[in-house]
Amino acid sequence: KSPTPSAPAPVSL
Amino acid sequence: DGSTKELLSLTGTVPVNYRGNVYNIPICLWLLDTYPYNPPICFVKPTSAMMIKTGKHVDANGKIYLPYLHEWKPPQSELLGLIQVMIVVFGEEPPVFSRPTT
């Protein structure tokens, strides 16, 4: 089972 | 010239450590019929919950640009090395971020 794609939360500038 | 080719693509995720957390960055690598003599064409494949962060290594279409690809020389250059470079590069500059949930 391939891992679920995930991404970091946008960095608030 | 209107010709078409059937290419092999590898889709999956790359484990990237960014600021202490591991994220699974979705990517797709297209192998040309001239592979391994030419580098694969690489894309980030954001899910609907992600947005592409364009930068030095990623354009608005999610296409990935790396020196490793540009200076591709088989047999030293190969997929494992490419993925390891992606892990390092994306650990500094993630190509995707999750969309802010309004």
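The basis for the numbers below is simple: all heavy atoms, side chains too, and nothing from hydrogens, waters or symmetry mates. Proteins come first, then strands; the chains are lettered A, B, ... in the order of their sequence lines, and each starts at number 1.
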Novice: When you group the ILVMFWY residues by side-chain heavy-atom contacts below 4.5 Å and let the links chain together, are Leu82(B) and Leu32(B) in the same group?
Specialist: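 No, Leu32(B) does not connect to Leu82(B) through the hydrophobic network.
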Novice: May I ask whether Val88(B) and Val14(B) are part of the same hydrophobic cluster, defined by side-chain heavy atoms of I, L, V, M, F, W, Y residues being less than 4.5 angstrom apart, directly or through others?
Specialist: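 Different hydrophobic clusters.
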Novice: Does Trp72(B) belong to the same Ile/Leu/Val/Met/Phe/Trp/Tyr cluster as Leu10(B), with side-chain heavy atoms less than 4.5 Å apart forming each link?
Specialist: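 In one cluster: yes.
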Novice: Quick one: are Pro10(A) and Pro100(B) in side-chain contact, heavy atoms under 4.5 Å?
Specialist: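 Pro10(A) reaches Pro100(B) side chain to side chain.
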Novice: Is Leu69(B) linked to Ile41(B) within one hydrophobic cluster, defined over Ile, Leu, Val, Met, Phe, Trp and Tyr using a side-chain heavy-atom separation of less than 4.5 Å?
Specialist: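 Different hydrophobic clusters.
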Novice: Does Ser98(B) reach the main-chain N or O of Pro8(A) with its side chain, forming a donor-acceptor pair under 3.5 Å?
Specialist: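 Looks like yes, one N/O pair under 3.5 Å.
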Novice: How close do Phe97(B) and Ala9(A) get, counting heavy atoms only, and between which atoms?
Specialist: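 In terms of heavy atoms, the two residues are closest at CD2-O, 3.3 Å.
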Novice: Where the side chain of Asn24(B) meets the backbone of Thr4(A), is there a donor-acceptor pair that is under 3.5 Å apart?
Specialist: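 Here the side-chain-to-backbone pair exists.
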Novice: Mind checking whether Val22(B) and Val89(B) sit in one hydrophobic cluster, side chains of I, L, V, M, F, W, Y counted as touching below 4.5 Å?
Specialist: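 No, it is not one cluster - the side chains of Val22(B) and Val89(B) are not joined through contacts under 4.5 Å.
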Novice: Pick from Thr13(B), Val44(B), Ile25(B): which one makes a side-chain contact (heavy atoms from CB on, under 4.5 Å) with Pro5(A)?
Specialist: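 It is Thr13(B), the one option of Thr13(B), Val44(B), Ile25(B) that forms the side-chain contact (heavy atoms from CB on, under 4.5 Å) with Pro5(A).
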